[in-house]
Every structure is written in structure tokens, then in C-alpha cells.
Number of protein chains: 2
Amino acid sequence: MTTRIQRRNRRKILDAALDVFSAQGFRGATLDQIAAVAGLSKPNLLYYFDSKEAMHRALLDDLLDVWLEPLRAMNPEGNGKAEILAYMRRKLQMSREFPRESRLFANEVLQGAPRLADEIGGDLKKLVDESAALIRRWIAAGQLAPVDPYHLIFSIWALTQHYADFDAQIRMIRDGADPLEGADAFLEMLFERLLKP
Amino acid sequence: MTTRIQRRNRRKILDAALDVFSAQGFRGATLDQIAAVAGLSKPNLLYYFDSKEAMHRALLDDLLDVWLEPLRAMNPEGNGKAEILAYMRRKLQMSREFPRESRLFANEVLQGAPRLADEIGGDLKKLVDESAALIRRWIAAGQLAPVDPYHLIFSIWALTQHYADFDAQIRMIRDGADPLEGADAFLEMLFERLLKP
DNA sequence: AGAGACCTTGACTGGTTGGTCAGGTCTGCT
DNA sequence: AGCAGACCTGACCAACCAGTCAAGGTCTCT
């Protein structure tokens, strides 16, 4: 049974941990930093989570479901081009809403995905394989230009997540303006042209 | 004056440091790891470089020139679409040849680019601004579809570097196959369609 | 060969960090 | 109020890690 205090503190801790892990990576983050952000003492953190590793795991476990939801939401009955454009829009929206999650994921994969190997090789791969098959059917039905479905999916990931993951770089180049300004229109045009049968 | 031994050992150290920094990030890397990979003792590393930080700096300093060379190589006199396609090809080639450098850079930017702020805000921004102006001229001359030049450049970075930075993920999804297999053809088609006037 | 600069390292240090623990405080229930 | 269990913390520990140093080995040039 979980108490009100437990719920509040676990949430505070995970939120702080997401802040710190996504900005510094697993190894770069310290419990003291997380504790300071969460406004709790370090031993108190370890009262709620067994270890630093456990906090990280908890974040990653939550993450993957949220992360894959847009891909799951593609409707096999819908129009191919429209569905993929909608998927791209949802992914871009996630870079806007959850940039920390995007960076947490990027940090992890960049370092070889040691803690995500099972999930990526399992659920994620399965979902991507299914989506690729779906895209192939759409192509066969003439709803899409004939493109490699895997590279198509990777290109959506690359283009949308780039805005969250490389935010710092884009900001510096664009004089601090919102990195995502104009991104919607650009990606809309890019995928519109790429996918037109 | 630098001796033969100095050249050899500095090279060994930087190569090892690139291995370790690109795989673990700055904070995640340890001098012991780098020493082991380089086949030298830890104090010996510090005989050649003042500090861990100094090794990292040396790598980043080398990196930026190499990294921006393809952008510099765009020829203002050339045909717009052809020049941008050539730029994309060169960038993709760099992901193939220098994946560690790509990941080193990604690690750095992902964490807010603390050690690259000057270079990105300075040289890089200047070069990108000039390139954007050049792209606008090509668009005005009708050699390119009217796209936002900044987002165009970001999209090239995102798509090409993704193959190096997310190598682990792509490998797991594609059953260990070379992540870059088929990437050339896909990106060729993508940018061909995007840029056609 | 011999001098002197250059190169290498085992042993050490001070600071940081993840994690422990004994004992204290608070909360919710009767 | 009083109690049981949940919650919290200062003080501490062991491991790790960047960096130092004194002493000894090696290279190069004459």
C-alpha cells in the first residue's frame, strides 16, 4: 500500500532525477545533485529507491511506453501518407513536451544502450518490424512512394528528436530563439514531398 | 620541439581517449580506462597532458575543424541542389568514417555543450549563417525548392549523424546489420524530392 | 662511453560519491 | 492521548578517482 507522502516524494525524486540524468548522463549525475533539485536529503532518496541505478531504471521503464505510444497509434486502416505524417507530428510534439525524456533516451543509446538492450531488442524491435510491414503494405497499395520503411522510421526519429537532443546547439546558432520555430512547417513539407506516391 | 616518442604517445593517448570519451561521456570516462586502452600507465598519460580535461579539449579542438570542413566545401558557384546533395553525402560519409567523433560531439551537445559554447556560438554559427545566406540565394535563383535554410542544415545533421549516434539502437532493430546499409539511397531520394524546385 | 634530457612508474594523497545505520521525528489510527 | 509504523537525517564508511612526486630507466647526441 502506498501512502500520500510516498506518492508525492517518489514523484519529486523521479522528476529531479530526470532533470539531472538527462542533463548529465547516468555517470555524470550525483545523488547530491538529485537530492538538491528534489529538495530532499540524500539518505531520504535512498529510503524511496534502493540505489541510483534503481532511479534510472524506474525512469527508463516509464519512458519506453510513452515513447512508443505514437508508433502504436498508427492506424492500419488509415491512409498511409496521412498516418505517417500524423506519426511525425506526434513525435515532434513529444520533442516539444518531453525534451528531458528525449535526452535521457539519447544519453542511454549513445553509450550503447547497456540498460535498454532488452527492451530495444524486444518490444521496440517487434513494434518497428510490424510498422515496417504495415508501411510496405501501404506502399504496395500505392498510398506512399516506395521508400525503405526502416530508414523512413529512423528518419522520423532523427529529425524530431534532434530538436530536443541538440537543443543547446540549435539555440546557439539561432540566437536563442525557440529551436522548434518553423520546424513543423519544414518537416511537413519534407515528408509530404518524400512520401507523395 | 617534439620527439618521435611524443608524437607516438600523444597519438595513442588521444585515440584511446576518443574511444573512451565517445563511449562513456566526459564524466563517465576514467583515466584508468584510457590508460588501459592506450597501453600506458596513468601517470604517463598525465606526463603528456596536464589533465583529463586537457585531453578532452585537445579532442574537441581537433574535431570542430574536421566536422565543419564539408560545410566549408560548398561551392557558391555550383548548382544549389547538387551542392547540398554533395554536402549531405560528405556528412554521411563522415558518420561512416568517424562515428566516434560524432558521438563525442553528440555527448557534448547533449549535455549543453559547456565546453563548446564558444566555438558553436562563434565559428560554427558564422559558417551556418553564411551557408544559410548562400542557400537563400540559390532558392532565389530557382535552383532549389523554397525551404528554411536553417532547418535544411539541421535536417542534414540530424539524418546523417543519427546513424553514428544511435548506432546501437539501429543495430538492435536491424538484427546487427550495418546501420548504414541502404542509408545512401534513402537520403538521396529524400533530399532529391525535398529540394526539387 | 658518458652526460643530460627525456620518459616511465609504484606508491601515495585529498576529495568525491554511492550507500549505510542508529536513532530521531512525524502521521494516522484507535 | 498514546502507540505503531512510516518517514527522515547527521554522521559515517569504503570505494573510486584525478592528480602528485620522487626515484629510476631510456634515449640521443657528442
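Treat the numbers as computed from the prediction; the structure is a model and nothing was measured. Convention: sequence-line order gives letters A, B, ...; per-chain numbering from 1.
Looking at residues two or more places apart in sequence or on another chain, you find a salt bridge (charged side-chain N to carboxylate O under 4.0 Å, His left out) between A:Glu192 and A:Lys81. Taking the salt bridge (charged side-chain N to carboxylate O under 4.0 Å, His left out) definition, one finds that B:Asp62 meets it with nothing, sequence neighbours left out. In this structure A:Phe98 satisfies the ring-ring contact (aromatic ring centres under 6.0 Å, His included) test with no other residue, sequence neighbours excluded.
Within the 4.5 Å cutoff, the side chain of B:Leu64 has heavy atoms near those of the B:Leu68 side chain. A heavy-atom distance below 4.5 Å is not found between the side chains of B:Asp167 and B:Pro99. Under the 4.5 Å side-chain criterion, counting only non-hydrogen atoms from C-beta, B:Thr160 is not in contact with B:Met94. B:Leu14 has its side chain out of reach of B:Phe21: every pair of non-hydrogen atoms, C-beta onward, lies at least 4.5 Å apart.
Where B:Asp50 and A:Thr3 each meet DNA chain D at their nearest nucleotide, the meeting point lying more 5' is that of A:Thr3.
In the hydrophobic cluster analysis, where Ile, Leu, Val, Met, Phe, Trp and Tyr join through side-chain heavy atoms closer than 4.5 angstrom, B:Leu104 is grouped apart from A:Leu110. Under the 4.5 Å side-chain heavy-atom criterion for grouping Ile, Leu, Val, Met, Phe, Trp and Tyr, B:Phe105 is connected to B:Met55 within one hydrophobic cluster.
More than 12 heavy-atom neighbours from other residues, nucleotides or ligands sit within 6.0 angstrom of CG on A:Asn79.
Rounded to an integer number of Å, the gap from B:Phe49 CZ to C:dC7 P is 13 Å. Rounded to a whole Å, the CG atom of A:Asn44 is 11 Å from the C1' atom of D:dA6. Remark: P of D:dA6 and CZ of A:Arg10 are 12 Å apart, rounded to the nearest angstrom. Rounded to whole Å, atom P of C:dT27 lies 13 Å from atom OH of A:Tyr47. One atom, NZ of B:Lys12, and another, C1' of C:dC7, lie 12 Å apart when rounded to the nearest Å. Here C:dC6 presents its C1' atom at 12 Å from CG of B:Asn9, a figure rounded to the nearest Å. Remark: P of D:dA6 and CZ of A:Arg7 are 15 Å apart, rounded to the nearest angstrom. Remark: C1' of C:dC7 and CZ of B:Arg8 are 10 Å apart, rounded to the nearest angstrom.
Ring geometry for B:Tyr163 against A:His151 counts as tilted: the plane angle lies between 30° and 60°, on a 0 to 90° scale.
For the pair A:Gln6 and D:dA6, the criterion of a side-chain N or O lying under 4.0 Å from OP1 or OP2 is not met.
B:Tyr48 comes within contact range of the sugar-phosphate backbone alone, with a heavy-atom separation under 4.0 Å but no base atom that close.
Listed in residue order, the members of residues 15-22 of chain A having a heavy atom less than 4.0 Å from DNA chain D come to none.
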Counting primed atoms plus P, OP1 and OP2 as sugar-phosphate and everything else as base, spell out the protein contacts along nucleotides 22-30 of chain D at 4.0 Å heavy-atom distance: B, S or - for each nucleotide, 5' to 3'. ------S--
N/O to N/O distances under 3.5 Å, protein versus nucleotides 11-18 of chain D:
{"from": "D:dC17", "atom 1": "OP1", "to": "A:Arg27", "atom 2": "NH2", "distance (Å)": "2.8"}
{"from": "D:dA18", "atom 1": "OP1", "to": "B:Ala29", "atom 2": "O", "distance (Å)": "3.3"}
{"from": "D:dA18", "atom 1": "OP1", "to": "B:Lys52", "atom 2": "NZ", "distance (Å)": "3.1"}
{"from": "D:dA18", "atom 1": "OP2", "to": "B:Leu31", "atom 2": "N", "distance (Å)": "2.9"}
{"from": "D:dA18", "atom 1": "N7", "to": "B:Lys42", "atom 2": "NZ", "distance (Å)": "3.1"}

